[in-house]
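Have a look at the structure below before the remarks.
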Amino acid sequence: MNTHRPWKLSVAGWAALLLFAPATVLAHQEIGQITGFASGFLHPISGFDHVLAMVAVGLWGAVLGSPAIWVLPVAFPVTMAFGGLMGLLGVPLPGIEIGIAASAIVLGIMVLAQLRPPLWAAAILVAFFAIFHGYAHGKELPEGASALLYSFGFVVATGLLHLVGILLGEAHRWAVGRQAVRAAGGGVALAGLFFLWQAVAA
Amino acid sequence: MRRAVGTTLVALAAIVVASPAHAHLVETGFGAFYDGIAHFAVSLADMLIVIALALFAGLRGTRAARHAMFALPAAWLVGGALGALWPTASIWPVSTTLSLALTGALVALDAKLSDASVTAFVIVAGALYGFVNGATMTPGGAGGLALLGAVCAIFFVNTILAAEVTVLPVGWPRIAVRVAGSWIAATGMLMLGWLARPTLA
Amino acid sequence: MSAGLRSWLLVVLALLSSGAAAHEMSMAEMEVRQISPREFLWQWTVSGNRPANEVLTPVWPDGCQDEDNIVRCGDAGLQGVLTIKGIGKVYSAAMIRVYWRDAPMSVYTIAAGQPRARLSGPSDGASPGPGAYLYLGIEHIMLGVDHLLFVLGLLLIVGDRWMLLKTITAFTVAHSITLAVATFGIAHVPAAPLNASIALSILFLGPEIVRRWRGETSFTIRHPWVVAFAFGLLHGFGFASGLAQLGLPDSQIPLALLLFNIGVEIGQLAFVFGILLLERSFRLLECHWPRLVERLPGYLVGTLGAFWTIQRVVILLRSVA
């Protein structure tokens with residue numbers, strides 16, 4: 001096409017792709033597929049222990065700053081999927097509930113105490129806990145739902161929770177925000193203690 | 001060269017016009033070509049692999065993305081035509097899912113493959129998915145025109161996405177692409193678990 | 001003529017044989033007459049190239065039996081869900097008019113996007129549902145290869161963003177005007193000459209595109225929006241043919257017109273947007289096309305315009321003779 005001036009459509013283009021994206025999901029004719037995505041998406045959100053742990057990953061990433069801010073949220077879904085894989089394969093993993101509660105406690109304390117271990121250590125810690133989360137929740141596929149859509153919804157919801165954590169953690173740039181982020185970390189750790197008590201008592 | 005291109009296109013057009021399409025998997029009411037587009041749009045597996053390959057090629061720069069722009073639809077079309085010829089073949093869920101997870105991982109790692117390797121990878125993945133596409137669409141009654149519609153949609157999505165990724169500034173935008181890759185890799189890995197499970201249960 | 005060019009012409013011919021056929025919007029019409037409280041006589045009144053009763057089968061509401069084009073219903077009368085098997089293939093839609101003995105006529109539309117009609121007895125105001133009109137509009141433009149080709153021709157001529165905006169807006173305003181004029185029955189253009197002149201409008205753009213390639217200028221190249229407006233008036237009458245076949249009751253015309261028009265604009269903007277995105281991508285990816293490929297869209301507009309002009313003028317002459 002003979003256009004002399006370049007079209008600066010980048011923003012518009014991305015907006016269009018984003019607009020089309022939900023349509024591609026919603027356009028599914030089979031109800032089973034919609035339930036697949038919806039139940040996968042709602043699953044990580046519906047459990048308070050998971051929500052807190054995932055937001056805490058984002059918070060901690062924001063506290064640690066680049067590159068941890070994105071390495072951790074990348075490591076989490078992948079190893080979580082690995083945990084889900086283990087669960088689906090029937091590989092035994094003891095103390096799942098305790099592991100999940102411990103993840104909230106440890107990640108909360110990390111944020112509260114503003115601990116800054118080396119990147120590899122932080123990544124391994126996050127990945128370790130992610131396995132428990134994936135193991136516990138990856139395998140609860142409703143009857144008749146599409147496994148791919150369920151998995152996709154599950155991963156997307158997890159990633160968005162990290163994003164929420166990162167955005168909250170950005171408050172860390174200001175003095176007041178820093179205290180608020182630390183307080184949030186403390187809250188997560190306390191909630192983790194409660195989950196641990198529940199897990200042990202049960 | 002030009003003659004070869006022309007002849008090829010004539011042959012393609014002949015194939016498309018000659019093959020009738022009766023029933024369709026997704027009926028838009030707009031005809032087989034649009035049904036093919038719709039089929040692609042609602043097939044998450046197909047959509048995800050195209051997005052993943054586009055991100056992968058886009059991260060590797062203009063040349064790789066340009067090659068992928070032609071390689072992916074062409075491989076898909078050839079694979080689809082072969083799949084239509086042998087529609088009884090298995091749909092190979094493990095290999096398609098593995099390639100999806102692998103592509104996602106390559107995006108997440110921002111793997112610095114050479115242009116030739118990128119093209120080869122795109123061709124293999126595209127042909128694989130195209131084959132499965134052709135093999136599954138044909139028994140549903142979709143013909144060459146539907147396949148062509150799907151390939152056009154793939155060309156469109158792949159080209160636009162890859163092109164936009166090539167010009168993303170270093171920093172957050174490229175990291176967002178890598179995060180998207182990690183999500184695709186994670187989805188693929190969970191999916192592998194689902195595929196492995198029934199054999200044990 | 002080089003071998004390459006000859007091959008391209010073959011491609012074009014192959015493509016347009018399907019394109020031309022695809023555009024003909026075919027709408028089946030069914031007439032249902034109440035002959036006694038529970039008995040209805042029905043028949044297909046208008047058919048396209050293939051008789052409607054060969055490809056369409058009505059599925060009457062539960063409790064109604066069809067015998068030799070007479071439907072006998074139970075105490076409930078003609079109420080419930082009516083579907084038509086085979087919609088979306090040869091016929092893209094069907095319109096059903098129900099003539100009641102003691103009530104005004106009801107009109108229902110069944111299309112692929114609106115596969116069922118809910119018949120609710122004689123007192124019903126009969127609304128086919130707004131979604132059907134929107135869908136019909138999108139369908140009309142998506143299958144209207146000639147309209148899209150005209151828009152493509154305009155895209156090939158316009159120079160910059162501002163001119164593009166003006167041109168597309170002018171085209172939209174113009175065809176909306178005539179679409180409304182035709183739908184309200186203020187003016188009517190017979191199909192044969194209309195189709196021929198729409199084809200001519202596409203052919204007209206061909207030489208202008210060539211001028212553009214040669215770096216020459218012309219009135220069209222300087223003011224493409226004027227041309228877009230003028231020919232847009234023609235295309236609006238073309239769009240109206242898609243809507244007019246519905247035979248809407250007067251009360252529904254404004255809503256149907258609005259939604260149909262919105263559907264057309266959605267389809268048109270999606271097309272323009274898609275072309276622009278692709279063009280941007282080719283530039284970003286530094287594609288250097290062979291000149292033939294670069295000019296292919298222009299050749300497509302010109303040759304198809306010429307082909308349709310000849311074809312439709314022949315049809316016009318035959319209808320006159």
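In what follows, chains are A, B, ... by sequence order, proteins preceding strands, each numbered from 1. Source: prediction; values computed, not measured.
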Nearest heavy-atom pair of [X] and [Y]: which atoms, and what distance?
X        : Y        : value
A:Pro77  : B:Ala186 : O-CB, 3.4 Å
A:Leu85  : B:Leu192 : CD1-C, 3.8 Å
A:Ser151 : B:Met191 : OG-N, 4.0 Å
B:Trp194 : A:Leu88  : N-CD1, 3.4 Å

field: Heavy atoms from other residues, nucleotides or ligands near CZ of A:Arg182 exceed 12 (cutoff 6.0 Å)
entry: yes

message: Looking at B:Phe121, I'd like to know if its CZ atom is crowded, meaning that more than 12 non-hydrogen atoms belonging to other residues, nucleotides or ligands lie closer than 6.0 Å.
response: yes

query: Pick one: which of A:Thr158, A:Leu160, A:Val78 meets side chain to side chain contact (heavy atoms under 4.5 Å, CB included) with B:Trp183?
result: A:Leu160

- line: CG of A:Leu148 to OG1 of B:Thr96, rounded to nearest 0.5 Å, is 9.5 Å

message: Measuring from atom OG1 of B:Thr187 to atom CZ of A:Phe154, what distance do you get when rounded to the nearest 0.5 angstrom?
response: 10.5 Å

- prompt: Which bit of B:Ile175 is near chain A, if near means a heavy-atom gap under 4.5 Å: side chain, backbone, both or neither?
  reply: side chain

field: Part of B:Leu48 lying under 4.5 Å from any heavy atom of chain A
entry: side chain

